[in-house]
> 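Pasting a structure here, questions to come.
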Amino acid sequence: MQITELSQDGLSRQLLVTVPAGTINDMVAARLREVAKTVRLPGFRPGKVPLAILKQRYGRSVLGEVVENAVEETSQKAVAEQGVRTAGQPKIELESFEDGGDLAYKLSFDVLPEFELIDFSGLKVERVKPLISEEEVDQSVARVAEGRRDYEALEEPRPSQTGDQVVIDFQGTVDGEARDGMAGTDHPLALGSGQFIPGFEDQLIGAEAGSHKTVTVTFPEGYPAEDLAGKEAVFEVDVKEVRAPKATAVDDAFAQSLGLPDLTTLRDMVRGQLEGRYAEAARQLLKRNVLDALAEHYSFDAPPGMVQMEFDAIWKQVEKAREDGSLSADEAAQPEEDLKAEYRTIAERRVRLGLVLAEVGRHHHIEVGQDELSRALQAQAARYPGREKEVLELFRNNPNAIESLRAPLLEEKVIDFIVERAEVTDREVTPTDLMEETAQSHDHDHDHDHDHDHHHHHGHDHDHDHDHDHDHAGHTHAAAPADAPDADAAAADGEPETEPKDPVTGA
């Protein structure tokens, strides 16, 4: 094998690899001898077919197999002889090959940059700590009570108003055609709950029991049921009853109705839920601060191929956001070239920070244990009640899906490793301030949750929770069925919720 360096531009390399014809011929002969042990041809005993006949009959297919193997083996050796770590898979371009001649191909690849890890004890990082007030707990407990509110018949008939519950029969059509999931009987609907698609409940405000309403709505762009997204639907609705909300006393009796001993226990549970959710928001801010601090210390060039892949993934999301109308007004107004330049800078930073985190993990032997991965897998399956087995099988049979769980776990462990050694300053904040800062983080920072794989040398995987990814809540068609899980389901749940879950149902 002969290696000739064609070019070296920064982190990019291109080699010309030549494999002598004699080596190819020897490999073909060796492969044909293996074939001879099993092939059966009329007139010849097993294992006794002459090599010339085998070459005549199987030579072309064997030659193709040999060339493929030769390229794989020699390309690995060629890279190894360079003494570098590649970033991503090398690209191979066949230059020349004829039966009986030399094999020549170009080998192009990027190399990982070399950089020194800083002493993290000098890294300054701010950590916010949310303070949960009694008033916040009161409001959250009240929302729990509101979510379990009972309704009662009106003492005096009156038109419905926001907060009432109406019992309805409905039948919907799109383009005059009835669709599955667009009909219901005796359906209790709380007006203002947002249970149905936008505009539906508003048109039932002011309705009286026994009345008929024609409700016209448009399914939002990006609606989970793609065949309905953006389409107008007409619902014929019969209002059978209007019910008023009953006042719910928040006391020990209410807590006991939830299966808890007393109100104090309920408040403690709600406080714990709030602390958990706000802790997640605080964690995201801490992670952003760590990444910002690292970015100030590292400015090396990032491998062009990795940057291009990162940019392509981001730009695909930008285009999707443009199509479904969720692109911000500021971005929509920018010239495309300016927007591309901005996101290419973001892609470079993402890759650079990913390489730093990867090197920290590699250098300090930080790994994700099988028990940690199993817990993450179980948690992912629990997101799809009744379909846990299906989700578990999907992940177990898909290596990329497993990596989508492993990568963020590993990144979080690396972040923890850095925080433990950094100079951390704590700052107490109210939940309101915390959520505002979190929102600003999502609006202006693009480096979160890209989930770098810290283990292999040939690049790192990203799970892009970019600002243009939006989760569209399911409604009943008026309600859409829950989306089926897919192999690329993100490990993270996105922004923290601010509403408490019901301590009994978890809803």
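If you're wondering where the values come from, they're calculated on a predicted model, not measured in any experiment.
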> Sequence neighbours left out, what passes salt bridge (charged side-chain N to carboxylate O under 4.0 Å, His left out) with Asp251? Give chain and number order.
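Partners of Asp251 under the salt bridge (charged side-chain N to carboxylate O under 4.0 Å, His left out) test: none.
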> List for me each residue that meets side-chain hydrogen bond (donor to acceptor under 3.5 Å, both in side chains) alongside Glu319, sequence neighbours excluded, and say none if there are none.
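For Glu319 the side-chain hydrogen bond (donor to acceptor under 3.5 Å, both in side chains) partners, ignoring immediate neighbours, are Trp315.
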> Just checking His363 against Phe417, ring centres under 6.0 Å apart?
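Between His363 and Phe417, the centre distance exceeds or equals 6.0 Å.
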> Would you say the side-chain atoms of Thr264 and Arg267 include a donor-acceptor pair closer than 3.5 Å?
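No, no side-chain donor-acceptor contact under 3.5 Å.
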> Would you tell me whether Ser374 and Asp371 have side-chain atoms, one donor and one acceptor, within less than 3.5 Å of each other?
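No.
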> Kindly assign one of parallel, tilted or perpendicular to the pair Phe170 and His187, based on the angle between their ring planes and the thresholds 30° and 60°.
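Geometry flag for His187 against Phe170: perpendicular rings.
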> Can you tell me if Glu323 uses its side chain to pair, donor with acceptor, with the backbone of Ala321 under 3.5 Å?
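Such a contact is absent between Glu323 side chain and Ala321 backbone.
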> Output all residues satisfying side-chain contact (heavy atoms from CB on, under 4.5 Å) with Leu154, sequence neighbours left out; order by chain, then residue number.
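With sequence neighbours excluded, Leu154 shows a side-chain contact (heavy atoms from CB on, under 4.5 Å) to Arg158, Val242, Ala244, given in chain and number order.
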> State yes or no: are the ring centers of Phe200 and Phe219 separated by less than 6.0 Å?
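No, ring centres 6.0 Å or more apart.
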> Decide yes or no on side chain to side chain contact (heavy atoms under 4.5 Å, CB included) for Met306 and Asp110, but give the supporting numbers first.
CA-CA 8 Å; Met306 294 175 70; Asp110 292 341; 5.8 Å; no
> Who passes side-chain hydrogen bond (donor to acceptor under 3.5 Å, both in side chains) against Gln165, sequence neighbours left out?
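Listed in chain order: Arg243.
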> Answer yes when Glu403 and Arg406 have at least one side-chain N-carboxylate O distance shorter than 4.0 Å, and no when they do not.
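So Glu403 pairs with Arg406 through a salt bridge.
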> Will you find, in the side chains of Asp262 and Thr265, an N or O donor that is under 3.5 Å from an N or O acceptor?
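On atom types as modelled, these side chains qualify, holding a pair under 3.5 Å.
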> For a quick test of your reading: what N or O donor-acceptor pairs under 3.5 Å do the side chains of residues 296-304 make, sequence neighbours left out?
from	atom 1	to	atom 2	distance (Å)
His297	ND1	Ala293	O	2.9
Tyr298	OH	Glu116	O	3.4
Tyr298	OH	Ile118	N	2.9

> Which heavy atom of Glu372 sits nearest a heavy atom of Glu367, and at what distance?
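In terms of heavy atoms, the two residues are closest at OE1-O, 3.9 Å.
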> With sequence neighbours excluded, what pairs up with Asp312 under the side-chain hydrogen bond (donor to acceptor under 3.5 Å, both in side chains) test?
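Once residues adjacent in sequence are excluded, the partners of Asp312 under the side-chain hydrogen bond (donor to acceptor under 3.5 Å, both in side chains) criterion are Gln308.
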> If we count only N and O atoms by modelled type, under 3.5 Å, do the side chains of Ser121 and Glu423 hold a donor and an acceptor together?
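Not at all, the side chains of Ser121 and Glu423 share no donor-acceptor pair under 3.5 Å.
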